[in-house]
Amino acid sequence: MFALMEEINKLMITIGYSKNTISTYLACLSYFKNYFKGTALDQLKKEDILDYLFHLIEQNYSRSTQNQHINAIKFYFEKCLGKKREYYLIDRPRKEKKLPNVLSKNEIQLLFNSTYNLKHLTILAVIYSCGLRVSELINIKINDIDNNRMVIHIRKAKGNKDRQVQLTNQLLELLRKYYKKYLPFNYLIVGQNGGKYSTTSIQKIIKNSSLKAGIYKKVTPHTLRHSFATHLLENGTDIRYIQTILGHSDIKTTQIYTHVSNAHLKNIQNPSDNLNLL
């Protein structure tokens with residue numbers, strides 16, 4: 001089993017899969033192989049795999065996790081075994097249509113005001129002002145910041161794609177202040193030992209700042225990204241530009257923010273306005 005996992009690992013590295021994807025696929029395939037212990041995987045039929053997926057459902061695995069298992073299985077059969085796509089084509093479970101959690105602009109300001117540590121404030125400000133994933137933030141290097149063109153280069157983001165995001169004047173001034181104090185020499189946001197900052201630490205920073213600010217919603221690094229995109233939309237930014245800024249491959253992913261934005265609601269006269277409610 002170890003040899004098989006090692007071969008799969010090498011193949012994914014060669015293809016250029018991200019570390020997170022490799023780790024997820026290996027975990028899924030390890031579970032998959034243990035489930036069919038004693039059975040040659042290349043002899044499995046579609047019905048066997050559907051039974052396995054039904055097992056995941058019975059174990060209350062989320063739809064997102066089910067999809068991760070499907071992707072890993074499809075990778076194994078297609079890329080590793082060279083099977084035809086028709087052989088292992090599986091109907092995917094429908095995604096749960098949950099709207100993202102979003103903070104108002106006032107809540108974002110409260111969050112910033114309640115973050116007293118300069119490094120912590122810089123982390124929050126860069127994520128929100130640039131609409132970044134936390135993995136993108138911790139990989140920004142000093143030379144990725146172009147203050148002449150007022151952009152930040154995001155390298156090898158999700159899907160192994162590069163893009164540029166806007167560097168505002170206020171953010172630039174904050175970064176200069178941060179740089180003078182902490183003197184980072186490689187990565188922009190550095191840990192105590194000079195290496196990359198951990199995602200867990202960033203999650204804790206945001207949680208603590210939101211509690212200090214009196215915000216009792218669930219606030220994560222991705223909440224800031226969702227809030228940024230929603231505020232752009234409410235400011236009248238074309239959704240195609242928002243798609244590019246966020247690095248979405250499919251416009252459908254970006255369109256979720258049209259369901260969160262309250263811009264259209266502000267123009268509606270509610271019939272209850274003509275009634276006495278108090």
Side-chain angles (χ1 to χ4, degrees), residues 1-100 131-136 138-139 154-163 199 220-222 225-226 229 243-244 246-257 259:
M1 177 177 173
F2 177 78
L4 175 62
M5 292 295 118
E6 191 62 30
E7 287 300 315
I8 296 172
N9 182 51
K10 287 179 182 177
L11 180 57
M12 285 191 282
I13 291 173
T14 302
I15 293 174
Y17 280 57
S18 71
K19 289 182 179 179
N20 286 342
T21 301
I22 291 173
S23 177
T24 300
Y25 278 24
L26 289 177
C28 292
L29 290 173
S30 178
Y31 190 88
F32 179 68
K33 185 168 176 56
N34 283 332
Y35 182 82
F36 290 105
K37 196 171 183 178
T39 303
L41 296 185
D42 59 353
Q43 298 301 313
L44 294 177
K45 298 179 180 179
K46 181 178 178 181
E47 291 75 18
D48 297 320
I49 297 172
L50 289 174
D51 286 342
Y52 170 75
L53 295 175
F54 184 71
H55 162 74
L56 297 181
I57 295 171
E58 287 183 322
Q59 296 300 312
N60 293 319
Y61 281 81
S62 69
R63 298 190 183 196
S64 174
T65 302
Q66 291 171 46
N67 269 315
Q68 289 175 342
H69 280 260
I70 292 172
N71 287 333
I73 292 167
K74 287 169 71 67
F75 173 85
Y76 175 71
F77 278 92
E78 182 179 351
K79 302 294 184 183
C80 299
L81 299 183
K83 298 285 187 179
K84 292 182 180 180
R85 184 179 178 85
E86 292 75 15
Y87 178 82
Y88 57 89
L89 185 63
I90 304 164
D91 292 332
R92 295 170 179 268
R94 294 181 65 183
K95 287 186 177 180
E96 298 163 340
K97 294 184 179 179
K98 291 183 179 179
L99 293 179
L132 300 184
R133 303 175 178 94
V134 69
S135 59
E136 295 168 347
I138 62 176
N139 283 301
I154 308 302
R155 315 280 185 187
K156 294 184 178 181
K158 190 173 182 179
N160 209 27
K161 295 179 294 186
D162 292 356
R163 73 180 190 280
T199 56
T220 68
H222 225 65
R225 175 173 157 91
H226 288 320
Q243 177 190 3
T244 302
L246 296 181
H248 287 161
S249 299
D250 193 337
I251 189 66
K252 291 179 182 177
T253 307
T254 319
Q255 285 173 338
I256 187 68
Y257 300 112
H259 300 289

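Any value given below was found using the heavy atoms of this structure, including those in side chains, with hydrogens, waters and symmetry copies removed.
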Reported NZ-to-OG1 distance for the pair K79 and T14, which is rounded to 0.5 angstrom: 12.5 Å

CD1-CG distance between I73 and L41, expressed to the nearest 0.5 angstrom: 9.5 Å

N34 (side chain) donor-acceptor with S30 (main chain) under 3.5 angstrom: yes

Where G247 and K161 come nearest, the two heavy atoms and their spacing: O-NZ, 3.5 Å

Heavy-atom pair with the smallest gap, counting every atom of R163 and L132: NH2-CD2, 3.9 Å

Trace of the side-chain contact (heavy atoms from CB on, under 4.5 Å) decision for D162 with I154: CA-CA 6 Å; D162 292 356; I154 308 302; over 6 Å; no

Aromatic ring pairing Y31/H55, orientation class (parallel under 30°, perpendicular over 60°, tilted between): parallel

Aromatic plane relationship, H226 with Y257 - under 30° parallel, 30 to 60° tilted, over 60° perpendicular: tilted

Polar side-chain atom of N71 near backbone of N67 as donor-acceptor pair, under 3.5 Å: yes

Parallel, tilted or perpendicular, as decided by the 30° and 60° cut-offs, for the rings of F32 and Y52: perpendicular

Student check: side-chain heavy atoms of I57 and Q66 closer than 4.5 Å: yes

From NE2 (H69) to OH (Y61), nearest 0.5 Å: 5.5 Å

Parallel, tilted or perpendicular: ring planes of F75 versus Y17, cut at 30 and 60 degrees: perpendicular

Considering all heavy atoms, the nearest T65-S62 contact: OG1-OG, 2.9 Å

Minimal non-hydrogen separation, I251 against Q243, with atom names: CD1-OE1, 3.2 Å

For I256 against P100, the heavy-atom pair lying closest together: CG1-CD, 3.6 Å

Side-chain heavy-atom pair L26, I8 within 4.5 angstrom cut-off: yes

Straight-line distance of H248 NE2 to T254 OG1, nearest 0.5 Å: 5.0 Å

Between OH on residue Y76 and CG on residue L81, distance to nearest 0.5 Å: 4.0 Å

T24 versus T21, side-chain donor and acceptor atoms under 3.5 Å: no

Over all atoms of both residues, closest heavy-atom pair of L11 and C80: CD2-SG, 3.6 Å

Test log, rule salt bridge (Lys or Arg N to Asp or Glu O under 4.0 Å), inputs E136 and K156: CA-CA 8 Å; E136 295 168 347; K156 294 184 178 181; over 6 Å; no

Main-chain N/O of G131 paired to R225 side chain as donor or acceptor, under 3.5 Å: yes

CG on D51 to NZ on K46, rounded to 0.5 Å: 12.5 Å

